[in-house]
Amino acid sequence: MKKSSVLVCGGAGYIGSHTTVELINAGYDVVIVDNLSNSDRKAIEGVCQITGINIPFIEVDCCDREAFRKVFEQYEFDSAIHFAASKAVGESVAKPMLYYRNNLTSLMNLIDLMCEFGRHNIVFSSSCTVYGEPDKQPVTEQTPRKEATSPYGNTKQISEDILRDAVAATEGLKGIALRYFNPIGAHPSALIGELPRGVPQNLVPYITQTAAGIRECLSVFGDDYPTPDGSCIRDYIDVVDLAKAHVKAIGRMIEVADAPRYEVFNIGTGRGVSVLELVTRFQEVNNLKLNYKIAPRRAGDIVAIWADPTKANDVLGWHAERNLDDTLAAAWAWQKNLETL
Ligand code: NAD
Ligand code: WQD
């Protein structure tokens, strides 16, 4: 049976493109909007190739309310997923106004238009960054949010609050904030994946670009942290698993009438992996040698964080399924395939 339609804002991006594939696989129709500020049409082509469906794509800036309204006038959908945001932590420190304007205005426009057109369900891309440096591991949804250490992180906290308050004030509106841990990997087809612009700031794209010879050497930022091997610990979640969490969230909002109207879920594996461990796994699974060196700590890095995903497991019926080795093999396959796209 054909399910309802979902508006995917930022659907040309890394997580949005993978989520679109999983929504289509689950029987939903999708409409994608994106201003391509951090993505490429090729991602849309990849999604269409994987799914065999010509997915409607409208190039629009969600901050341009009148242009965005036309999408609501033209398309029927009852749910929306809001990926459309700027996401580089360092850049947000240098250009805070750009981050506050883009991340908050786009979300507020979406909420306003959803209310104006009587559409019901919003999933928001939040982040484990809202926890800062936690006092206790793993973090649950009850772990207190710490004061944000970057404008980017602050936009995630403020956005969660905006959505919570809008839902509380609007009959019929529902919201789910998914707090992603560290998304990595790519679709097994290697037709879509992460497309960092310029020098990658995140670990796995830096690793794959180093393995491909685009970067000379990976710097491991710090080996003197109070962790078993001295490097930082994160919860690396496969992007396809993460995409499936959105499908579960949409399903819950549509199907479970008595669910709380605003909910928050951690989306992680529940397993902490160190930088050095990840580098070792990448080399072994892909049978290659990575050029890397130990470098000084990176300012602002937290020592360790990993999720307690019990709530998502129990309430959403979602579990991280792919193992780290498969995920790192997919990341490398995507990097190699990029040259051919
Ligand atoms: P991405 O940059 O690949 O995707 C975001 C997409 O939104 C891009 O295609 C970009 O062009 C688009 N976009 C940005 N501003 C827009 C606007 N005003 N109007 C229309 N489109 C706009 O990033 P991603 O990694 O896929 O992240 C998706 C979401 O998840 C973001 O909100 C990000 O903050 C959040 N998140 C990402 C991570 C991560 O590590 N990748 C972790 C936690 C949370
Ligand atoms: C992971 C680990 C680095 C690059 C960021 C955002 C966070 C969230 C996810 C959106 C750290 C180390 C990295 C390198 C390295 N995004 N590293 N050498 O910092 O956990 O989180 O992305 O919400 O908000 O802050 O991810 O991939 O940058 O780093 O040693 O070249 O890899 O020090 O320990 P991070 P990351």
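Whatever order the structure lists them in is the order used to number ligands and atoms, beginning at 1.
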[X] touching ligand 1 at heavy-atom level, < 4.0 angstrom:
{"X": "Pro183", "answer": "yes"}
{"X": "Leu195", "answer": "no"}
{"X": "Asn182", "answer": "no"}
{"X": "Arg179", "answer": "no"}

Exercise. In a check of side-chain contact (heavy atoms from CB on, under 4.5 Å) between Ile237 and each of Thr327, Asn182, Leu242, which one passes?
Worked result: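 Among Thr327, Asn182, Leu242, the one meeting side-chain contact (heavy atoms from CB on, under 4.5 Å) with Ile237 is Leu242.
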
Exercise. Rounded to the nearest 0.5 Å, how far does CG of Asn54 lie from CD of Gln49?
Worked result: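 Here the rounded value is 12.5 Å.
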
[X] heavy atoms, cut-off 4.0 Å: which ligand 1 atoms fall inside?
{"X": "Tyr152", "value": "33 (C), 34 (O), 35 (C), 36 (N), 44 (C)"}
{"X": "Ser125", "value": "29 (C), 30 (O), 32 (O), 35 (C)"}
{"X": "Cys62", "value": "17 (C), 18 (N), 19 (N), 20 (C)"}

State whether the shortest distance between N or O atoms of [X] and N or O atoms of ligand 2 falls below 3.5 angstrom.
{"X": "Arg298", "result": "yes"}
{"X": "Leu203", "result": "yes"}
{"X": "Tyr206", "result": "no"}

Please determine if [X] has a nitrogen or oxygen closer than 3.5 Å to a nitrogen or oxygen of ligand 1.
{"X": "Phe83", "value": "yes"}
{"X": "Ser127", "value": "no"}
{"X": "Ser37", "value": "yes"}
{"X": "Tyr180", "value": "no"}
{"X": "Ala12", "value": "no"}
{"X": "Gly13", "value": "yes"}
{"X": "Ser126", "value": "no"}
{"X": "Asp61", "value": "yes"}

Between [X] and [Y] (salt bridge meaning N to carboxylate O under 4.0 Å), is one present in this structure?
{"X": "Asp301", "Y": "Arg234", "result": "yes"}
{"X": "Arg281", "Y": "Glu284", "result": "yes"}
{"X": "Asp235", "Y": "Arg271", "result": "no"}
{"X": "Arg145", "Y": "Glu160", "result": "yes"}

Problem set entry | Protein heavy-atom partner closest to atom 25 (O) of ligand 2 - residue, atom, separation in Å |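 Sorting protein heavy atoms by distance from atom 25 (O) of ligand 2 puts Val89 CG2, 3.3 Å first.
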
Problem set entry | Protein residue, atom and distance nearest to atom 12 (C) of ligand 1, heavy-atom basis |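 Scanning the protein heavy atoms, the shortest distance from atom 12 (C) of ligand 1 goes to Asp34 OD1, 3.3 Å.
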
Is [X] touching ligand 2 with its side chain, its backbone, both, or neither, if touching means heavy atoms under 4.0 Å apart?
{"X": "Ala295", "result": "neither"}
{"X": "Tyr236", "result": "side chain"}
{"X": "Asn202", "result": "both"}
{"X": "Asn182", "result": "side chain"}
{"X": "Leu218", "result": "side chain"}

Exercise. Is the cationic atom of Arg119 (NZ for Lys, CZ for Arg) positioned less than 6.0 Å from the six-membered ring centroid of Phe77 and within 45 degrees of its normal?
Worked result: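 So Arg119 does make the cation-pi contact.
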
Please determine, by modelled atom types, if [X] and [Y] share a side-chain donor-acceptor pair under 3.5 angstrom.
{"X": "Ser274", "Y": "Asp229", "answer": "yes"}
{"X": "Tyr180", "Y": "Ser125", "answer": "yes"}
{"X": "Ser159", "Y": "Asn103", "answer": "no"}
{"X": "Ser106", "Y": "His82", "answer": "yes"}
{"X": "Tyr14", "Y": "Asn202", "answer": "no"}

Exercise. Looking at His246 versus Phe83, is the centre-to-centre ring distance below 6.0 Å?
Worked result: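 Centroid distance His246-Phe83: below 6.0 Å, so yes.
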
Problem set entry | Proximal candidate to atom 4 (C) of ligand 2 [heavy atom criterion; set Arg179, Gln209, Gln201] |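 When every heavy atom of Arg179, Gln209, Gln201 is considered, Gln201 comes closest to atom 4 (C) of ligand 2.
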
Exercise. Among Tyr152, Phe221, Tyr180, which residue places a heavy atom closest to atom 10 (C) of ligand 2?
Worked result: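 Result: the heavy atom closest to atom 10 (C) of ligand 2 is in Tyr152.
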
Exercise. Hey, which atoms in ligand 2 end up nearer than 4.0 Å to a heavy atom of Thr129?
Worked result: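 This gives 24 (O) as the contact atoms.
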
